[in-house]
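Input: a single structure, listed below in structure tokens.
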Amino acid sequence: MSHRRSRTGRLRAVTLGLTVAVVAAALPSHAATAAPSTADATAHDGAAAMVGPDGGSALGRPPVGSEPPTVTPADIRFRQDRLRRGGAREVGLLPEQVARIPADLAAYLEPTPDHPGHPAYAGAVVLAAKDGVIVQHAAVGTAVRYGAVGAPPDLPGVELPADQQIPMREDTIFDLASVSKLFTTIVVMRQVERGRVVLDAPVARYVPEFAAGGKAEVTVRMLLTHTSGLPAFAPLWSSYPTPAERLAAALATPLAAGATPGSRYVYSDLGLIALGVLAERVTGRPLADLVRDGVTAPLGMTDTGYNPAPRLLTRIAATEYQPYAGRGMVWGEVHDENAWSLGGVAGHAGVFSTAADLAVLCQALLNGGEYRGRRILRPETVRTMLVNYNAGLETAYPESDRGLGFELNKHWYMMGLSSPVTFGHTGFTGTSLVVDPLSHSFVILLSNRVHPDRGWGSNNVARRAVARDLAEAMPVRPRSGEAWRADPRDAATVTLTAPLRRPARGGTASFAFWYDTEPRFDSARVEVSTDGGATWNPLRLLFTQGGRRWSSDGTVTGYGGRVWWQVTAELPERATHLRWSSSTDVSSQGRGVYVDRIVAADRDGLLLHGEGGDAGRLIADGWSPARS
């Protein structure tokens with residue numbers, strides 16, 4: 001347990017005056033009163049303004065049917081930023097948080113409590129930017145370290161001699177794995193713009209043999225949102241002897257047993273293989289050429305493409321030891337076995353790139369499809385790609401949130417950068433990108449996490465770490481200079497408890513509130529006790545901010561609008577305590593939960609003033625003072 005220190009009288013008086021101003025702003029104009037000269041008297045009068053002449057609330061009941069905040073692609077403001085290196089302060093970021101990124105990345109070069117047994121990767125590169133300013137670009141570890149893998153179950157890495165190992169560099173080229181799907185998506189959407197492809201048309205219109213296996217009604221949109229009913233994967237590389245037979249088998253794969261197109265979410269490589277073929281059929285050109293001419297060449301992404309040239313080998317990060325495929329240590333060729341067996345070019349995998357090149361792609365998307373005067377997509381197309389078409393499947397498939405090609409709002413790797421319009425993708429080799437259009441920021445993490453063996457585990461812990469660091473660098477400015485923040489812990493419930501000075505005779509509580517949590521899995525709750533803290537009940541809340549008003553039954557979760565809300569609540573008779581709690585699941589969080597400027601009063605006067613004489617009464621169990 002810890003107790004917050006009270007501030008000096010002068011600062012307290014200033015803070016109290018601001019608190020009353022906020023309270024008065026939420027009231028009808030006749031309810032505000034002039035501020036007396038002493039701090040406690042100011043709080044008393046401000047509290048009295050919240051109480052009606054009959055002792056009840058002067059605020060009225062919250063409106064019925066009001067909705068919590070949200071954001072849609074229509075709210076995104078595209079800009080025309082150009083990338084350049086710069087400092088965190090130039091774009092309003094906290095330098096100390098940005099500076100943490102390389103160290104947090106390097107920590108996973110060794111086993112850690114959240115990734116025991118093996119390192120998360122042999123090496124990695126990170127690039128973070130905001131408003132076009134690259135605030136961090138760093139490399140750690142090695143691009144090539146191992147030559148083989150020992151026997152299970154330990155799977156020890158057999159290291160190359162020191163003079164054969166290659167350090168990771170900022171310009172190291174990585175096998176992007178499933179991040180390649182974004183390039184296929186952009187190519188397809190370019191054909192949609194040209195009228196050659198219709199999103200809700202059957203794929204079989206463009207690739208007739210795709211209709212086999214019950215797929216005649218599967219649409220292009222379903223493939224892009226992974227709702228076609230196709231299975232996730234098929235071992236094409238080991239089941240068929242030639243690339244032509246493998247491709248034919250991929251297109252002929254039937255729907256999963258019992259699947260109806262559009263009714264379920266299954267992330268499917270096979271769907272993107274089909275989209276790559278579709279793009280080739282409608283244009284008459286190879287997928288690699290479409291990606292080059294439609295995406296990488298216009299954007300100047302000179303280190304991005306399929307099947308990198310042998311001369312680039314020393315710049316390429318090695319991936320996995322695959323003796324089962326007769327390949328040995330995979331280095332300079334695509335890791336994905338199916339893409340490799342198809343000649344290195346496929347709709348689901350095969351693209352190699354660098355962090356700097358991917359930064360250009362991310363910035364182009366933040367700019368609405370354009371970079372340095374070269375356009376790859378129209379702004380309205382980018383917005384279309386960021387609509388959550390799977391919203392109706394969330395209950396049955398909580399991880400189904402997707403636009404066209406892009407993953408949306410995935411806290412398990414986007415962390416505090418998440419929002420309903422935050423987009424990105426991951427790759428099996430250890431790659432990921434997260435783009436937050438609300439803050440005009442992005443973070444790219446490229447690693448060789450499968451080097452030397454996929455059995456060493458995922459690098460999700462590192463993905464979360466770098467996204468968290470960039471999100472934490474964006475300050476949440478408390479209304480009073482210092483607020484209470486729920487400590488960012490996994491699998492925990494932490495509480496901030498406020499004992500009232502005396503049992504309430506009705507009355508009202510008011511406080512400033514900022515929240516951003518993982519939807520459904522993490523939540524914040526406001527409760528009241530009428531028996532000295534023995535039992536607790538949720539407190540119905542009215543949220544106001546500018547001209548917006550909405551109500552809650554006492555619990556909130558998900559996107560909070562990234563703004564401070566003024567919250568008011570009617571107190572029940574004989575209320576003795578207020579309590580704020582934050583509950584999290586085992587991993588993944590948003591920006592957190594903050595409380596500030598707490599005031600409660602009834603018709604007899606002040607019950608609690610958290611910024612004044614009652615600051616020392618607040619009991620924090622897992623909450624800490626925060627200035628940003």
Side-chain angles (χ1 to χ4, degrees), residues 69-84 88 90-93 98 127-136 179 181-183 185-186 189 224-225 295 299 355 358-372 374-391 401-426 432-445 463 466-476 516 518-519 558-563 590-591:
T70 190
V71 64
T72 73
D75 300 311
I76 296 172
R77 293 184 302 106
F78 294 130
R79 300 169 23 159
Q80 292 302 312
D81 291 325
R82 293 188 178 187
L83 292 168
R84 62 180 178 84
E90 293 181 54
V91 287
L93 298 178
V98 172
L127 189 151
K130 185 180 187 308
D131 299 338
V133 176
I134 298 171
V135 296
Q136 190 63 265
V179 174
K181 292 179 171 71
L182 300 182
F183 291 84
T185 298
I186 292 171
M189 294 306 296
L224 289 167
T225 58
V295 185
L299 296 181
L358 288 176
V360 174
L361 178 63
C362 291
Q363 193 61 59
L365 293 167
L366 284 175
N367 291 353
E370 181 180 0
Y371 187 73
R372 297 180 70 92
R374 303 299 299 274
R375 181 166 294 283
I376 60 169
L377 291 170
R378 300 170 186 163
E380 58 269 28
T381 301
V382 177
R383 292 189 200 277
T384 298
M385 295 169 72
L386 303 183
V387 173
N388 181 12
Y389 296 100
N390 293 349
D401 291 358
R402 276 188 174 269
L404 301 178
F406 289 110
E407 295 180 318
L408 300 175
N409 207 21
K410 295 289 193 291
H411 283 71
W412 64 267
Y413 71 96
M414 297 177 177
M415 292 291 281
L417 297 176
S418 299
S419 79
V421 293
T422 298
F423 59 97
H425 215 286
T426 62
S432 59
L433 55 88
V434 181
V435 185
D436 174 14
L438 300 182
S439 64
H440 301 279
S441 65
F442 61 85
V443 62
I444 297 162
L445 174 60
R463 287 168 168 153
V466 297
R468 179 200 62 219
D469 287 343
L470 182 58
E472 290 287 316
M474 301 176 193
V476 176
D516 180 77
E518 184 182 14
Y559 176 72
R562 299 184 182 177
V563 296
R591 295 277 295 279

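The analysis underlying the following values was restricted to heavy atoms, covering all of them including side chains, and did not include hydrogens, waters or symmetry mates. None of the values given here were measured: they were computed from a predicted structure.
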Closest approach of [X] to [Y] (non-hydrogen atoms, all atoms of both residues):
| X | Y | answer |
| --- | --- | --- |
| Phe78 | Pro379 | CE1-O, 3.7 Å |
| Gly560 | Asp516 | N-OD1, 4.3 Å |
| Asn390 | Thr225 | ND2-O, 3.1 Å |
| Gly405 | Thr185 | CA-OG1, 3.5 Å |
| Met189 | Thr381 | CE-CG2, 3.8 Å |

(message) Working note: Thr384 + Tyr389, criterion side chain to side chain contact (heavy atoms under 4.5 Å, CB included); need CA distance, chi angles, decisive distance, verdict.
(response) CA-CA 10 Å; Thr384 298; Tyr389 296 100; 3.2 Å; yes
Can you confirm whether [X] sits close enough to [Y] that some side-chain heavy atom of one is under 4.5 Å from a side-chain heavy atom of the other?
| X | Y | answer |
| --- | --- | --- |
| Leu366 | Asp81 | no |
| Arg84 | Val133 | yes |
| Arg79 | Asp131 | yes |
| Ile376 | Leu361 | yes |

Q) When you measure from the side chain of Asn367 to the backbone N and O of Gly369, does any donor-acceptor pair fall under 3.5 Å? A)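 No, Asn367 side chain to Gly369 backbone: no donor-acceptor pair under 3.5 Å.
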Donor-acceptor contact present, side-chain Arg591 to main-chain Met474, <3.5 Å:
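Checking the backbone N and O of Met474 against the side chain of Arg591, a donor-acceptor pair under 3.5 Å is found.
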[atom1]-[atom2] distance between [X] and [Y], expressed to the nearest 0.5 angstrom:
| X | Y | atom1 | atom2 | result |
| --- | --- | --- | --- | --- |
| Met385 | Arg383 | CE | CZ | 13.5 Å |
| Glu90 | Lys130 | CD | NZ | 12.0 Å |
| Asn409 | Phe423 | CG | CZ | 13.0 Å |
| Leu470 | Asp436 | CG | CG | 8.5 Å |
| Leu365 | Ile186 | CG | CD1 | 5.5 Å |
| Leu358 | Gln363 | CG | CD | 13.0 Å |

Pairs under 3.5 angstrom only: tabulate donor-acceptor contacts from the side chains of residues 411-421 to other protein residues two or more places apart or in another chain.
from: Trp412; atom 1: NE1; to: Glu399; atom 2: OE1; distance (Å): 3.0
from: Tyr413; atom 1: OH; to: Glu407; atom 2: OE1; distance (Å): 2.6
from: Tyr413; atom 1: OH; to: His425; atom 2: N; distance (Å): 3.1
from: Ser418; atom 1: OG; to: Met415; atom 2: O; distance (Å): 2.8
from: Ser419; atom 1: OG; to: Val421; atom 2: N; distance (Å): 3.2
from: Ser419; atom 1: OG; to: Thr422; atom 2: N; distance (Å): 3.2
from: Ser419; atom 1: OG; to: Thr422; atom 2: OG1; distance (Å): 2.9

Taken in chain and number order and not counting sequence neighbours, the residues that satisfy side-chain hydrogen bond (donor to acceptor under 3.5 Å, both in side chains) with Arg374 are none
| query | Who pairs with Ala88 by side-chain contact (heavy atoms from CB on, under 4.5 Å), at least two apart in sequence or on another chain? | reply |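 By the side-chain contact (heavy atoms from CB on, under 4.5 Å) rule, Ala88 matches Leu93, Pro95, Val98.
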Walk me through whether Val443 and Leu127 qualify under side chain to side chain contact (heavy atoms under 4.5 Å, CB included). CA-CA 6 Å; Val443 62; Leu127 189 151; over 6 Å; no
